[in-house]
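Chain naming here is simple, since letters A, B, ... match the order of the sequence lines and numbering starts at 1 in each.
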Amino acid sequence: MERVIVSMQDPDMGMKMRNQRLLITVIPHAMTGRDIVDWLIQKYTITEEEALHIGNFLVKYGYIYPLKEPRNLCLKQDETPYRFQTPYYWTSTRWPASELDYAIYLAKKNIRKQGELIEYEKECYNALHKRINHTWDFVVMQAREQLRASKQRRKADRIVLECQEQAYWLINRPPVRTNPQEKNDVMLYMWCLPLKNKLCMFVWVCSFVKYCEQYQDHDPIMQGCLPSNPWITDDIMYWNMNSETVTMPTKLRVERWSFSFMELLNDPLGRKELLTYLEKEFSAENLCFWQACEEVRHGEASKIAAKVDEVYKQFLAPGASRWVNIDSKTMEKTLEGIKHPHRFVLDDAQMHIYFLMKKDSYPRYLKSELYKNLLAKAIVPQETKKRYVQKQPNMYKTSENYILNMIKGESRCLTTCMCSCLCAACSHSCAVSDIQAPLQRWSHKQQRITERQNPVLPRPTLELPLRFSYTQTTRIHGYSASITVMVGLAMLIANRA
Amino acid sequence: MPVDWGADMGKDECKTMLDALNKVTACYRHLVSALGSTSDSQNLREELKKTRKKAQELAVANRTKLTALLKDKSISNDDRAEYERLWVLFTSSMEILEVDMKRSLEIGQSFPLKVPTRHFIQTGMTGSTTTVAARAMSVQNMKYEADASIDTADLKDLETEIAQVDQMMEEMEMKVQVAPWAVEAKQEAGAELKSTVSVGNSSVGVISVCEEEPKEGGEGEAGLMKVFAGIIFTAVLLIAGILGYLVINL
């Protein structure tokens, strides 16, 4: 795909570039969707559908990103603007997008947006904070430094940089979608297929969805395991309750027997219950025959001949004690095969009996009193109390609380105004000198002020440790700091006079 | 030659050196992301080379200092925890630097400068990266003195430097036994918001107005500005003092 992109850059034969106009800044090198499709059609002499398809790939793999709706990664054949992605962020290089990089990006976004991240980004942020906690200092430091480095560029370039990074991370860490929407998306994708494939896909998708819905309650990861997940709480009650020899099974286990015949047969307890039922119906020999065939299939190779012989004597020989009812054709084939016994000689007979039971005995069992009583008596285990409570880091509350505490000690509005002016001045100068905790020092001063009757005016300029670096920004900060200080003083004098 | 610094002085020195390395790493990443795009040029390649050399010097200095500090068995547990934290900062910085160096090698090889049909990707970035490089090198203005074949010659140097960095990191892991996952970070989630609240606020309104034009002033001009700013500041200081005096006496 890079060759396509590089050939698009050709000044004579390449893409026609336009300018993107954003309020006051003009950023060059934008192109519309229609231009892209037209260029692809013209350069490679392909149909419009193919060109649209290729263009969609270019967008999905991050070589081109949309400017208006960054989350909508598809190529629209109209006036929506797109731009090329810088080679550093190309997917072809296959540099893995590491967690450290993502954490730095989220921290930068956090600073820029003053804590207003989107929901899934907030979750990722918290998760990363837990996972790579040991390098979190580095993340914060690097995020700040990268922002300072990007402030050295022009505004237009800064906007482009932000868009580029956002596009890169939208592709490498796409927002997680919830389940119902996934179903709709699957249906949407199926729309594009030809009819024959559509039908097969449709059938498969429907059965898969039905399977998921049926088993969702039984999935220990999705629904949680009662009483508790042994891998988490070290409590093996779950395994004890679901073991083979338990007297009273759990409700979920009994419900699963009604999903399919195979579920019932695979559970040893289910098989025992079915045997009890069939004995009442006088057709227990079917199940015994099926079990014996299973043993032949999965047993030791040396014992096969002996086992087959036994099966024949017990179930298949004319006048046997537990004769099973198999149709004549299968019976002939089996009897032929028994002369040269091998592992799979009884397969046909077993299959026949299996389908017989499935069609006949299984539905009757599910409707029987035995099953219904068992279902009613089955236990629902209580969920054990969780011993560990996980604390969620409440980072978005700390800054608000801090400011509230500062304002709480106020009694006079005069001191409020003065202190807010001083704090503004202080924060400006601290922005210059990069001091970590200036506001804490000021809150002590403010407490002293409210204690006294006549507050003495502190001299901010002499007490703050300032380091002067003569850049333009410092000057602006200095001027605004001094202006706020003077305004505060003037108000103070006005109140006195 | 290891000098016998006091523990606090050693820590502070380490921190300043790590801050410098951090700054250079961030600037280097910024420069590498501009490779291959329309803001790529001979100057950019030279900036990359200079920044890289500076980063390597800082890295070696940091490594010597930190290994010396960590090998000292007579430090307290708190000190040791602090040094381990600094060590984790250092290794993360080096990881990022190494990845960026490898990426710059790849992109540099795919986008050579002296080719007749040179097609750089039109990414919309048209400004120069001089100011970023100046920030990395801690100088006011960058001087460009490289010749035309810098891109090919530099790539060979780059390969050897990447090998050196790899070797250095391996040695580091062998010599110093620090478990990075056992280190606890000092900053909590959202820490970047606290001290930079003011930076964020003021930058949005103020800086975008002022920094539209990249700084291209001469050196004499900067000196004059210094004096001017000093005069204004003292004047403001005097007025504030006078007003304060009046308040006290009223």
Tell me the closest heavy-atom pair linking [X] and [Y], and the distance in Å.
{"X": "A/Leu100", "Y": "B/Glu95", "result": "CD2-OE1, 4.4 Å"}
{"X": "B/Val132", "Y": "A/Ala149", "result": "CG2-O, 3.6 Å"}
{"X": "A/Leu489", "Y": "B/Ala240", "result": "CD1-O, 3.8 Å"}
{"X": "B/Ala26", "Y": "A/Gln142", "result": "CA-OE1, 3.3 Å"}

Check: A/Thr86 side chain, B/Ser33 main-chain N or O, donor-acceptor pair, under 3.5 Å: yes
Backbone of A/Gln152 reached by a side-chain donor or acceptor of B/Thr131 within 3.5 Å: yes
For chain B, the option from A/Asp101, A/Ile27, A/Ile5 that forms the most heavy-atom pairs under 4.5 Å: A/Asp101
Heavy-atom check, side chain of A/Tyr88 versus side chain of B/Ile107, under 4.5 Å: yes
Any B/Ile96 side-chain heavy atom under 4.5 Å of A/Ile104 side chain: yes
Residue pair B/His30 / A/Arg153, side-chain donor-acceptor N/O under 3.5 Å: yes
Pair A/Arg144 + B/Asp19: basic N to acidic O under 4.0 Å: no
Lys/Arg-Asp/Glu bridge criterion (N-O < 4.0 Å) met for B/Arg135, A/Glu145: yes
B/Ser110, part contacting chain A, at a heavy-atom distance under 4.5 Å: neither
Side chain / backbone / both / neither for B/Leu89 at chain A, heavy atoms under 4.5 Å: both
Is [X] in contact with chain B via its backbone, its side chain, both, or neither, using a 4.5 Å heavy-atom distance?
{"X": "A/Leu128", "result": "neither"}
{"X": "A/Gln164", "result": "side chain"}
{"X": "A/Tyr82", "result": "neither"}

Separation between CZ of A/Phe138 and CG of B/Leu18, rounded to the nearest 0.5 Å: 10.0 Å
Rounded distance [0.5 Å steps], CD1 in B/Ile239 versus CE in A/Met486: 5.0 Å
